[in-house]
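To start, the structure itself, in structure tokens.
Each chain gets a letter, A, B and so on, in the order the sequences are listed, and its residues count up from 1.
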Amino acid sequence: MEEVQIKINDAEEIAVSKGTTAEEIFASNKVGQDAVAARFNGQLIDLTAPLNTGGELKPLRRTEPEALEMLRHSTSHIMAQAVRQLFPGVKVTIGPSIENGFYYDFDYDSTFTPEDLPRIEARMAEIIAQEQPFSRREMSRAEAIKLFENLGEPYKVEILQDMDDEEVSIYELGDFIDLCRGPHLVSSKKVPAFKLLGVSGAYWRGDERRQRLQRIYGTAFFARKELKQHLNFLEEAKKRDHRRLGKDLDLFSIHEEAGAGLVIWHPRGALLRALIEDFERTEHLKRGYDIVSGPMILKTDLWQASGHFDNYRENMYFTEVDKISYGIKPMNCLSHMLIYKSRLRSYRDLPLRYFELGTVFRHEKSGVLHGLIRVRQFTQDDAHIICTPDQLNDEIKGVIQFVVDIMGVFGFEFETEISTRPEKSIGTDEDWELATTALQTAMEDMGLKYDINVGDGAFYGPKIDVNLKDALNRRWQCATIQCDLTLPERFDLTFVGSDGERHRPVMIHRTILGSIERFIGVLIEHYAGAFPVWLAPVQAVILTVTDRGDEYAREVYAKLKNEGLRVELDLRNEKLGLKIREAQLMKVPYMLVIGDREVEQGGISPRTRTGKDLKFMTVEEFKARVQPEIQPPVFQ
RNA sequence: GCCGGCGUAGCUCAGUGGUAGAGCAGCUGAUUCGUAAUCAGCAGGUCGCGGGUUCGACUCCCAUCGCCGGCUCCA
């Protein structure tokens, strides 16, 4: 029989007869017993795939990320089989693995309800117990089209018709046949732990004009313990939900009677905001920005001139004053342009960096509103940098450094991506090319990795988006750096160069935190409401044991308050345990206990919100101790 | 905007055709009690809003507003 040479264990070359499977090779050579699939010449393949050529073979182990993806993808097939059996007439579409699980989209006349999930899970458990093999078959595209036509699966037919490959593969699992690249687990029995998590709507191919589908989400793991951990993680995330904490910590509220997506800040939340905004103003001034401020409404004519009316109108609010139409600003750039144009600019003036904590209004679709994360009125830490083309690179780098510094302060890690020209946009191809290259070059100069997000730029230019990762590893878009070569053109911005001629400047739109509302929402979840001392709305609360300490407590309160500490006084006739509990639930960093001992010895007994007793100390000692923590962070 | 779910006291929730309930919070009183909940009493709701069905609607139907989970979109 014909033999092929297979390299295993990164070294050994062995000869096996053609058609031997990866599974057999692993078994006879005592490698990869825990393999769930294989890598053959770098390609992922089924364990049961026959090897017909020589090459390098490696096990795909459970611990590798691709293994988990495959497990989840296989589980989605199991779910699809269960759904087809329980709901005859359902049509299948696609069922990929996603970041923390998988989904499968179905087209079905009546709707799935959350009550259906346990039934589907039960059927899936049966399929798993039956140890059904996943078996792969390859065929021509034409054959596959015929197969899925006969099966009454029009979505699969559509996918096939759009494919370029002439050879395709299908996987059979019990009575369920799916078009699929694979690989898959050897059998359904290899799914140790799974759970269905929810149903929701989706559109065929993500296009809102096309067929509405029903999506079922689930997840799967190689160990029950891991599934449990994941479910705990979801619980933890729920506890940290900024909408919950916003209410519990009395930070903000949103009222039906005031309007959806409109945030009302309570004293503690407004204070938190003010602290962040003050910090930002200080940092911007240090970094050579000028603080500016523009009006909330500007004439619609001006929005027409800028291109916003044509490209962004559906997101804007309009109003009329003395029969003149005004647009309520969805962005801050127009005023900044007018400041620039208010006098003749020399190259010696550039770069100009205009910073505004600018409140903007955007008509977001009702279904997307979400706590502080997605609202209709929000304040951006917005700036527009107007510079010469030569300065562009340095300016972008300066902004990136700014982002790096600020994210460091809050302890966020982040990922970046560059978005390129969208369909609906203005400007010439050359300008877009130039701007996109400028962004890429700056990122490379800064040594930062980035993904390219094709067609996702703003209508006036390409952008770098910064997605920060919070403590629960979720990603949120906050900072954005957008390069713009078209607005300077439209507004005819110029500067006089050293040659005495007029030249066109370029412009960067950028934010660091993005929306203050969104950022605070993310921050609340990131810290689980336990803000660092410099941001805590209440930094310390004085708790008396009995009313014999009241007078002394008032003295201590006055002293600390006078030092600028945000301190509160709890003189209620309640037990110390209750006062501590309540301060704890409000996540106050320090609780200062005053009982008879403290009054006699002239001090306080602080305790931290982490439950640590700091023991008796004088007020001066406490002040010295917290001094470094109560100030905003300072950079070199 | 779309698909699905949900709106009952300040909060968390019970109540599926016959005059609305609990716990916590609130108020009043007692208690002076040292590191996550002292005890008792009182008060609190046109059941999101508007129509309809019915002798009768928190409960069934329609419409609408809002919220939740997704989709599309986005800071």
Review point. Are any of the side-chain nitrogens in A/Glu568 or A/Arg268 under 4.0 Å away from the carboxylate oxygens of its partner?
Key: yes
The Watson-Crick or G-U wobble partner of B/U53, with both key distances under 3.5 Å, is none
Comparing nearest nucleotides in RNA chain B, the 5'-proximal residue of the pair A/Thr480, A/Asp248 is A/Asp248
Residue set satisfying ring-ring contact (aromatic ring centres under 6.0 Å, His included) with A/Phe309, at least two apart, ordered chain then number -> A/Phe318
A/Ser515 has its side chain closest, among B/U35, B/A75, B/G4, to B/A75
side-chain hydrogen bond (donor to acceptor under 3.5 Å, both in side chains) pairs touching residues 198-210 of chain A, sequence neighbours excluded, are A/Glu158-A/Trp204, A/Glu158-A/Arg205, A/Glu158-A/Arg210, A/Asp162-A/Arg205, A/Asp207-A/Arg209
query: Is a donor-acceptor contact shorter than 3.5 angstrom present between the side chain of A/Arg215 and the base of B/C3?
result: no
query: What interatomic distance, in whole Å, is found between C1' of B/U28 and the corresponding atom of B/G50?
result: 40 Å
Just checking A/Ser605: base, sugar-phosphate only, or nothing, at a heavy-atom cut-off of under 4.0 Å? base
Exercise. Could you tell me how the ring of A/Tyr317 sits relative to the ring of A/Phe361: parallel (under 30°), tilted (30 to 60°) or perpendicular (over 60°)?
Key: perpendicular
Cation-pi check, A/Arg119 onto A/Phe112 ring (under 6.0 Å, within 45° of axis): no
note: A/Glu257, atom CD; B/G10, atom C1'; distance rounded to Å ~ 13 Å
A/His370 NE2 to B/A75 C1', in whole Å, measures 14 Å
The salt bridge (charged side-chain N to carboxylate O under 4.0 Å, His left out) partners of A/Glu417 (sequence neighbours excluded) come to none
(message) By the 4.0 Å heavy-atom rule, please label A/Asp596 as base, sugar-phosphate, or nothing.
(response) base
note: A/Ile94, atom CD1; B/C71, atom P; distance rounded to Å ~ 12 Å
- Whole-angstrom distance between B/A25 and B/G66, as gauged at atom C1': 24 Å
Could you check whether A/Gln477 gets within reach of a base, just the sugar-phosphate, or nothing at all, counting any heavy atom under 4.0 Å? sugar-phosphate
> Can you find a side chain N or O atom of A/Tyr217 that sits less than 4.0 Å from OP1 or OP2 on B/G4?
Replying inline: no
Whichever of A/Gly611 and A/Gln380 has the more 5' nearest nucleotide on RNA chain B, that residue is A/Gly611
Q | C1' atoms of B/C42 and B/A9, separation to the nearest Å | A | 15 Å
Is the ring pair A/His308/A/Phe459 parallel, tilted or perpendicular, if the boundaries are 30 and 60 degrees?
perpendicular
Closest of B/A75, B/C11, B/A36 to the A/Lys247 side chain is B/C11
query = When all nucleic acid strands are considered with a 4.0 Å heavy-atom cut-off, which category describes A/Lys612: base, sugar-phosphate, or nothing?
reply = nothing
Between CG of A/Leu249 and P of B/C11 the distance, given in whole Å, is 16 Å
For nucleotides 37-42 of chain B, give me every protein contact, N/O to N/O, under 3.5 Å, one pair per line with atom names.
{"unit_1": "B/A37", "atom_1": "N7", "unit_2": "A/Arg581", "atom_2": "NH1", "d": "3.1"}
{"unit_1": "B/A37", "atom_1": "N6", "unit_2": "A/Arg581", "atom_2": "NH2", "d": "2.7"}
{"unit_1": "B/A37", "atom_1": "N1", "unit_2": "A/Arg581", "atom_2": "NH2", "d": "2.9"}

What residues 356-363 of chain A contributes to the RNA chain B interface at heavy-atom separation below 4.0 Å is A/Arg362
Across all chains, not counting sequence neighbours, the side chain to side chain contact (heavy atoms under 4.5 Å, CB included) partners of A/Thr546 are A/Arg548, A/Asp596
A/Phe414 side chain near A/Cys478 side chain, heavy-atom distance below 4.5 Å: no
Touch class at under 4.0 angstrom, heavy-atom based, for A/Thr511 against every strand present: nothing
Next on the checklist: Give me the distance, rounded to whole Å, that separates B/A14 from B/A22 when you measure between the P atoms they each carry.
Outcome noted: 16 Å
Whole-Å distance, A/Leu117 CG to B/G69 C1', equals 12 Å
| message | Please confirm whether the shortest side-chain N or O distance from A/Arg244 to OP1 or OP2 of B/U12 is below 4.0 Å. | response | yes
Enumerate, atom names and distances included, each donor-acceptor pair closer than 3.5 Å involving a side-chain atom of residues 88-101 of chain A, sequence neighbours excluded.
{"unit_1": "A/Thr93", "atom_1": "OG1", "unit_2": "A/Asp105", "atom_2": "O", "d": "2.6"}
{"unit_1": "A/Glu99", "atom_1": "OE2", "unit_2": "A/Arg475", "atom_2": "NH1", "d": "3.2"}

Contact check, residues 544-553 of chain A vs RNA chain B, heavy-atom distance under 4.0 Å, returns A/Val545, A/Thr546, A/Asp547, A/Arg548
Exercise. Aromatic rings A/His230 and A/Phe221: how do their planes relate, parallel, tilted or perpendicular, breaks at 30° and 60°?
Worked result: tilted
Considering only the P atoms, how many Å lie between B/C74 and B/C6, rounded to the nearest integer?
-> 31 Å
Rounded to whole Å, CG of A/Leu372 lies from P of B/C68 at a distance of 11 Å
Residues passing the salt bridge (charged side-chain N to carboxylate O under 4.0 Å, His left out) test with A/Arg572, sequence neighbours excluded, are A/Asp570, A/Glu582
Open item on the list: Looking at the base of B/G34, is there any donor atom on it, or on the side chain of A/Glu598, that sits under 3.5 Å from an acceptor on the other one?
Closed with: yes
When rounded to whole Å, the CD1 to C1' distance for the pair A/Ile580 and B/U35 reads 3 Å
- Query: Which whole number of Å gives the distance between the P atom of B/G1 and that of B/A40?
  - Reply: 50 Å
Contacts table for residues 405-412 of chain A: side-chain donor-acceptor under 3.5 angstrom, sequence neighbours left out:
{"unit_1": "A/Asp405", "atom_1": "OD1", "unit_2": "A/Gln401", "atom_2": "NE2", "d": "3.0"}
{"unit_1": "A/Asp405", "atom_1": "OD2", "unit_2": "A/Arg287", "atom_2": "NH1", "d": "3.0"}
{"unit_1": "A/Asp405", "atom_1": "OD2", "unit_2": "A/Arg287", "atom_2": "NH2", "d": "3.0"}

Next on the checklist: Side-chain N or O of A/Arg243 versus OP1/OP2 of B/C67: is the shortest distance under 4.0 Å?
Outcome noted: no
Residue set satisfying salt bridge (charged side-chain N to carboxylate O under 4.0 Å, His left out) with A/Glu277, at least two apart, ordered chain then number -> A/Arg273
Residues in residues 195-214 of chain A with a heavy atom under 4.0 Å of RNA chain B, by number, are A/Ser200, A/Gly201, A/Ala202, A/Tyr203, A/Gly206, A/Glu208, A/Arg212
Work out how far the P atom of B/U8 is from that of B/G48, and round it to whole angstrom. 6 Å
| Just checking, any donor-acceptor pair under 3.5 angstrom between side chains of A/Thr480 and A/Asp465? | yes
Taking a pair to mean Watson-Crick or G-U wobble geometry with both distances below 3.5 Å, B/C71 pairs with B/G1
When rounded to whole Å, the CG to C1' distance for the pair A/Asp250 and B/G26 reads 15 Å
For the C1' atoms, the ones on B/G10 and on B/C2, what distance do you get once it is rounded to whole angstrom? 34 Å
Should the ring pair A/His242 and A/His370 be called parallel, tilted or perpendicular, given that the plane angle runs from 0 to 90° and is split at 30 and 60? tilted
Any salt bridge linking A/Arg240 with A/Glu236? Criterion: basic side-chain nitrogen under 4.0 Å from a carboxylate oxygen.
yes
